[in-house]
2 protein chains.
Amino acid sequence: MNDRGMGWEQPGAPAPSGGEALLFLTDEQLRKGIEAMFFAYRGFTADPDRILAEQDYGRAHHRALHFINRMPGTTVTNLLAILGVTKQSLNRVLRTLIADGLVESRVGRSDRRERNLHLTEAGEALERRLSAAQRARMRAAYRAAGPEAVAGFRQVLEAMMDDESRRQYQGLREPRG
Amino acid sequence: MNDRGMGWEQPGAPAPSGGEALLFLTDEQLRKGIEAMFFAYRGFTADPDRILAEQDYGRAHHRALHFINRMPGTTVTNLLAILGVTKQSLNRVLRTLIADGLVESRVGRSDRRERNLHLTEAGEALERRLSAAQRARMRAAYRAAGPEAVAGFRQVLEAMMDDESRRQYQGLREPRG
DNA sequence: CTTGGAATGTCAACAAGACTGACGTAACCT
DNA sequence: AGGTTACGTCAGTCTTGTTGACATTCCAAG
């Protein structure tokens with residue numbers, strides 16, 4: 001409650017160079033960044049949302065499909081940690097995906113309490129369709145902005161994550177290798 | 001912190017100038033971008049969410065406060081267009097904010113059908129608190145990534161928006177300015 | 001002056017997707 | 001044998017979004 005005139009660093013500080021310099025970050029610049037996230041995230045989800053609506057699914061289904069595709073054989077507990085929701089919430093989504101034949105739940109081999117989750121053919125098909133739409137927009141944005149902008153984009157996003165999310169993000173690898 | 005030298009420019013392609021270069025964008029690179037958005041957005045909303053939970057408000061209230069602060073005197077219809085929700089949905093939120101004395105709704109001068117929305121002192125106080133938390137994270141991310149990364153971040157986000165959102169985004173100016 | 005349409009607001013009903021809490025079962029580990 | 005872990009489910013709540021119907025107010029065109 002105290003930052004109306006937040007005059008941070010004095011004018012006359014060294015010019016920014018690299019990522020080490022003290023940056024002048026005005027209220028206005030930061031607010032524009034916040035708004036950019038807001039509007040961009042809306043665009044980011046718009047295309048998949050349209051496809052999902054056709055199928056009577058929602059974003060929750062998309063997220064599950066994405067990460068099961070990304071980490072085939074993952075367990076429910078692991079998915080829970082990544083998505084950051086309760087098991088009841090995830091279970092509702094997972095149940096419909098399994099019932100609809102998009103996801104397969106196999107009893108774990110070494111530990112039979114666990115369920116290893118995989119996409120079926122149909123699940124992979126929908127995931128590809130959703131992903132293709134989202135990737136098309138991402139690709140267009142990347143191309144419009146250029147490779148240096150893309151590197152910066154990723155750096156800022158990564159710095160914006162919670163530590164736990166960053167660990168999860170960095171842990172993700174190619175599906176299937 | 002791994003994508004400093006992500007060599008996905010076409011080998012031998014002309015140096016990127018003006019976002020014109022042809023980029024090789026693999027599925028994997030695009031998926032990582034998608035995941036970065038997902039995890040970063042979670043961090044982006046985490047701090048305000050905690051404050052809002054204390055006050056029994058949600059993100060919808062935050063968004064309304066943000067844009068009313070940003071465009072003092074804006075009308076309901078304009079806010080509707082920016083937030084991209086139905087008037088019923090916005091009205092529910094607005095009603096509680098007005099009832100709680102955070103937002104003031106004044107009958108329009110030139111057109112008395114319109115309602116010009118303003119934050120009260122209390123509304124400004126909460127908005128500042130929410131914004132301060134969000135800006136703190138944004139500032140930390142910007143500083144960690146450096147000024148060039150910030151420019152790229154904004155470029156990519158802007159390119160990711162729908163046309164309509166981009167117009168709205170670019171139309172936003174300093175509050176009071 | 002009347003009327004059509006625009007802007008606003010309200011009521012009711014509903015759905016998705018999150019939450020908590022409680023409970024049960026099976027499997028694993030010591 | 002007993003305690004813990006993994007998973008699933010039932011029941012209830014909350015926020016935030018949706019439609020549809022309808023009333024009010026007011027500007028502006030005829």
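These numbers come from a predicted model, not from an experiment. Lettering of chains follows the sequences in order, A, B, ..., and the numbering in each one begins at 1. Side chains included, hydrogens not; waters and symmetry mates left out as well; all remaining heavy atoms used.
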Can you list the steps and then say if B:F38 with A:F67 is a ring pair (Phe, Tyr, Trp, His ring centres under 6.0 Å)? CA-CA 11 Å; B:F38 171 74; A:F67 286 108; 5.5 Å; yes
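In terms of position on DNA chain C, the residue among A:K87 and B:N91 whose nearest nucleotide sits closer to the 5' end is B:N91.
Within the structure, the side-chain hydrogen bond (donor to acceptor under 3.5 Å, both in side chains) test picks out the following pairs touching residues 126-135 of chain A (sequence neighbours left out): A:E54-A:R129, A:E127-B:R31, A:S131-A:R135, A:S131-B:R31, A:R135-B:D27.
Within the 4.0 angstrom heavy-atom criterion, no nucleotide atom of any strand lies near A:T96.
Residue side chain A:R59 does not reach the base of C:dG17 through any donor-acceptor N/O pair under 3.5 Å, judged by distance alone. For A:Q88 against C:dG21, a side-chain-to-base donor-acceptor contact under 3.5 Å is present.
Among the nucleotides D:dT25, D:dT5, D:dT18, the one closest to any side-chain atom of B:R113 is D:dT25. Relative to the side chain of A:E114, the nucleotides D:dG17, C:dG17, D:dA6 differ in distance, and D:dA6 lies closest. Among the nucleotides C:dC28, D:dT16, D:dC27, the one closest to any side-chain atom of B:R112 is D:dC27. For B:R92, whose side chain is taken as the heavy atoms from C-beta onward, the closest listed nucleotide among D:dC27, D:dG17, C:dA22 is D:dG17. Listed candidates were C:dG9, D:dT18, C:dA26. Nearest to the side chain of B:R115 is C:dG9.
Listed by chain and number, the residues in a salt bridge (Lys or Arg N to Asp or Glu O under 4.0 Å) with B:R95 amount to none (sequence neighbours excluded).
Distances shown here put every side-chain N or O of B:H61 at or beyond 4.0 Å from the OP1 or OP2 atom of D:dT15. A close approach under 4.0 Å does occur between a side-chain nitrogen or oxygen of B:T86 and OP1 or OP2 of D:dT18.
Using cut-offs of 30° and 60° for the angle between ring planes, the A:H66 and A:H62 rings count as perpendicular.
In this structure, B:R63 atom CZ and D:dG17 atom C1' are separated by 10 Å, rounded to whole Å.
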